[in-house]
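The next block holds one structure in the form of structure tokens; read it before the comments.
This one's a predicted model, so the numbers in the text were calculated from it and none came from an experiment. We count residues from 1, following the sequence as given.
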Amino acid sequence: MRTEEVLAAIATGLWRWDNAAGTVTLDAEAARLLGLPPEPGSYREAAVRSRFHPVDWNEIYGVVNLAVAEGSLAEARLRIVDERGQVLRTVRSRSKPVFRTDEDADSEAYVLYGTLQEVAEPQPGATDAAHTPITGDWRRSREAFLLDAGRALAEARSTAEVLRVAGSLSMPGFSPDGLAVFGSAGERLTIIGHHGHNIGDEEPFTDMPLDTDYPAAEVVRTGRAIYLPSPDEYRRRYPATWPLARRFGRQSWAFLPLVSSGRTMGAWMAGFQHPVGFSPDERAVLSTVARMLAQALARAGVAETERELSLGLQRSMMPTLGPEIPGMTVAARYVPTGGGLQVGGDWYDMIPLPNGRIALVIGDVQGHDVRAAGLMGQLRIALRAYASEGHRPDAVLARASRFLSGLTDAYESVEGDKEPAAPRFATCLYAEVDPEAGTLDIARAGHPDPVVISADGTAVIRQTAGGLPLGIETDSDYPTTRVVLEPGETIMLCTDGLIETGGHDMATGWTRLRPVLEKPVEDLEQLADALVQAVHGPTSHYTTGPLADRREDDIAVLVLRRESAPAPETAARRSVLTIAQAEPERISVGRQLVRELLHDWSDPEQVDSAVLMVSEMATNVLVHTDGDALMVAEVSGEQGQRRLRVEVADASDELPHKRRPGEMASSGRGLVLMEMLADAWGVDPRGEGKSIWFELYESDEPGEFAGAAVS
């Protein structure tokens with residue numbers, strides 16, 4: 001009678017599992033036991049694996065790996081399931097791994113030869129003659145334990161959390177009372193963490209040579225698990241280090257390798273106060289936990305490395321303010337979008353210039369990814385270099401645009417055969433500050449306009465000339481606008497994240513921020529915090545740095561105040577605007593500027609009149625002279641009794657004349673309108689040119705005028 005027939009007669013099947021080829025050869029009985037057609041055949045590994053209960057497969061995988069490492073038999077109980085996942089029967093598998101010796105075989109390739117035999121699931125209280133009793137309740141408890149342990153370890157985000165989870169694991173029937181996780185550094189064994197020991201107990205193991213006759217060191221060296229079921233076994237195998245273990249009073253020990261990506265990264269020790277025989281099922285549970293623990297530690301290590309890299313990048317790229325500016329106060333905030341990187345494309349900078357002035361820079365590189373952060377860092381360095389060379393604001397931005405355009409081209413060429421990345425651009429506002437005169441020469445590249453807050457708290461968007469964002473064109477022009485800060489006035493520069501976060505556009509976002517800007521504060525740090533809190537709510541970060549929760553867009557805010565403010569009761573709102581001959585469209589900027597200065601004026605009709613007169617005065621300069629117009633608007637006095645005075649000056653000596661235009665005339669009505677609408681108006685000759693002006697007096701009764709006067 002053949003061997004197969006004998007085995008079939010006792011319901012035992014044979015199998016041959018080639019791990020390199022991924023095939024499994026079964027005889028008829030083995031196929032029947034696995035729920036396959038009862039005939040000899042060869043199957044793909046996936047087809048056979050699908051017949052094992054998922055939890056049992058994880059266990060046998062660890063048992064086989066242990067047998068491969070130790071050259072011993074692999075033995076385990078397995079539940080066989082059908083296509084619907086219903087359990088058909090329980091089998092016992094005994095197998096022996098044999099390494100392949102053919103020339104083409106990989107050094108790790110082996111063939112598993114084994115048997116399958118159906119067994120009855122022991123009832124509670126029954127004892128298997130060869131092994132520790134295994135009941136259905138114990139099996140269910142084991143499955144629940146492994147599922148809970150896997151979930152808890154998968155959710156751990158740091159090494160400390162992984163160790164806390166490992167220390168809280170309660171294995172069904174044989175829970176350890178002490179755990180230790182060992183790592184290796186060079187040729188030394190180290191302690192990563194431990195549980196169930198007193199402080200200082202780990203000292204003898206913290207820096208141990210790997211060639212020490214100690215179980216954990218041997219596991220790290222060989223990658224094989226070591227089970228010590230009794231103190232006698234420990235003392236016999238490791239007499240040199242037995243005194244170190246004896247003082248803990250334990251009865252059994254398991255040392256298992258922590259393997260991740262095929263590399264032994266350390267060892268896990270589980271110590272027991274009661275004797276443990278380490279049956280195949282118990283070894284399977286320990287092996288499964290060791291694998292999950294290794295994966296969790298590996299994930300935590302990668303996450304901690306990424307966090308450290310992110311923090312280092314953040315520290316090196318975090319915007320900073322430079323030295324103090326005499327007569328001025330500066331505050332800033334930077335809030336990245338969040339996530340792991342904590343560095344985005346927004347930035348601000350304060351740069352000392354060779355002429356003794358200070359440059360304020362704020363910008364936003366498109367995107368929130370690593371590439372945006374990298375481009376931001378390089379662009380920031382380039383801007384500092386161009387500014388330190390003494391270039392004017394327009395020249396600094398023009399050079400920066402060419403630099404960024406070259407950088408994005410370089411990024412595309414580096415990516416090679418990958419799908420080309422879209423070119424990146426950046427918005428930027430560069431202001432050269434003269435602390436003594438209180439002036440800011442501003443060049444703008446697609447960036448939001450600054451906001452000027454007068455000494456009495458009125459916030460006005462100060463429209464400035466601008467060009468395309470940096471990196472769009474290699475040759476772009478960036479005209480310069482001069483803004484004058486009077487004593488007590490504040491200017492705010494920000495990126496669009498502050499305005500548009502929360503579904504807002506530029507208009508509604510500005511409406512949301514205006515009350516915050518106009519609320520009186522003595523400390524600019526409080527104003528910077530209030531701006532961020534208005535968008536994202538309260539935060540405990542009162543210095544430059546990231547907020548903890550997730551953001552829609554990066555935010556950078558920079559506020560500058562000119563000190564020595566007069567008392568708020570007598571402070572005047574004042575704004576200056578130059579309208580060039582080549583830029584007649586800036587007349588609309590002047591109209592908007594006046595409207596914002598008068599946003600709380602009691603009589604809306606007077607506001608409309610002021611806007612109309614400003615338009616007429618500026619248009620007359622551009623039409624009848626060859627020079628530019630300089631508009632100065634000032635609001636002074638107490639609420640309800642204020643005075644608006646607007647002057648438009650030019651370099652022409654020719655004085656305007658009041659005319660009486662006919663019904664069909666297209667011009668000549670400017671002075672007539674001023675005579676009708678202004679409370680006072682006049683023309684003042686100057687040494688070089690003239691100035692035409694008008695005044696409006698705020699009335700408590702809208703619609704009433706004090707009457708016109710000419711001087």
Heavy-atom closest contact ([X] atom, [Y] atom, distance):
X	Y	result
M265	A298	CE-N, 4.2 Å
F182	L258	O-CD1, 4.5 Å
A267	A216	CB-O, 4.0 Å
A31	P38	CB-CA, 4.5 Å
F248	Q273	O-NE2, 3.9 Å
L116	S93	CD2-CB, 3.8 Å

Could you tell me whether the side chain of [Y] reaches within less than 4.5 Å of the side chain of [X], counting heavy atoms only?
X	Y	answer
P97	W17	no
T241	P215	yes
L228	F255	yes
Y334	I555	no
Y238	E218	yes
L78	T90	no
T115	L14	yes
M292	T288	yes

task = Would you please test V335 and D554 for side chain to side chain contact (heavy atoms under 4.5 Å, CB included) and show each step?
result = CA-CA 6 Å; V335 185; D554 302 334; over 6 Å; no

Subject >> Aromatic contact, W253 with Y234 (centres under 6.0 Å) >> reply: yes

Scan side-chain atoms only and decide if E282 and Y227 contain a donor-acceptor pair under the 3.5 Å cut-off. no

Exercise for review: Would you kindly say whether D346 and T495 are connected by a side-chain donor-acceptor distance under 3.5 Å?
Suggested key: yes

Let me confirm one number: the [atom1]-[atom2] distance from [X] to [Y], rounded to the nearest 0.5 Å.
X	Y	atom1	atom2	value
M376	L404	CE	CG	12.5 Å
T190	M208	OG1	CE	11.0 Å
F425	Q366	CZ	CD	4.0 Å
D82	R51	CG	CZ	7.0 Å
D27	R32	CG	CZ	10.5 Å
S252	F278	OG	CZ	5.0 Å

Tested for side chain to side chain contact (heavy atoms under 4.5 Å, CB included) against Q251, the lone hit among P229, S230, P231 is P231

Go through L189 and V220 one step at a time and tell me if the side chain to side chain contact (heavy atoms under 4.5 Å, CB included) criterion holds. CA-CA 8 Å; L189 188 72; V220 173; 3.9 Å; yes

Sorted by chain and number, sequence neighbours left out, side chain to side chain contact (heavy atoms under 4.5 Å, CB included) with V81 holds for H53, V87

By side chain to side chain contact (heavy atoms under 4.5 Å, CB included), A300 pairs with (sequence neighbours left out) T159, V162

For R237 and I226, what are the C-alpha separation, side-chain angles and deciding distance, and is it a side chain to side chain contact (heavy atoms under 4.5 Å, CB included)? CA-CA 10 Å; R237 294 183 59 179; I226 295 174; 4.0 Å; yes

With sequence neighbours left out, write down each residue that passes salt bridge (charged side-chain N to carboxylate O under 4.0 Å, His left out) with [X], or none if nothing qualifies.
X	value
R221	none
R44	none
D213	none
D232	R235

Within the side chain of T264, is there an N or O that forms a donor-acceptor pair under 3.5 Å with the backbone of G266? no

Q. Is R188 reaching over with its side chain to a backbone N or O of L210, donor-acceptor style, under 3.5 angstrom?
A. no

- Please report the C-alpha distance between W268 and V289 in whole Å, then the side-chain angles of each, then the deciding distance to 0.1 Å, and finally whether the side chain to side chain contact (heavy atoms under 4.5 Å, CB included) criterion is met. CA-CA 10 Å; W268 173 48; V289 173; 3.5 Å; yes

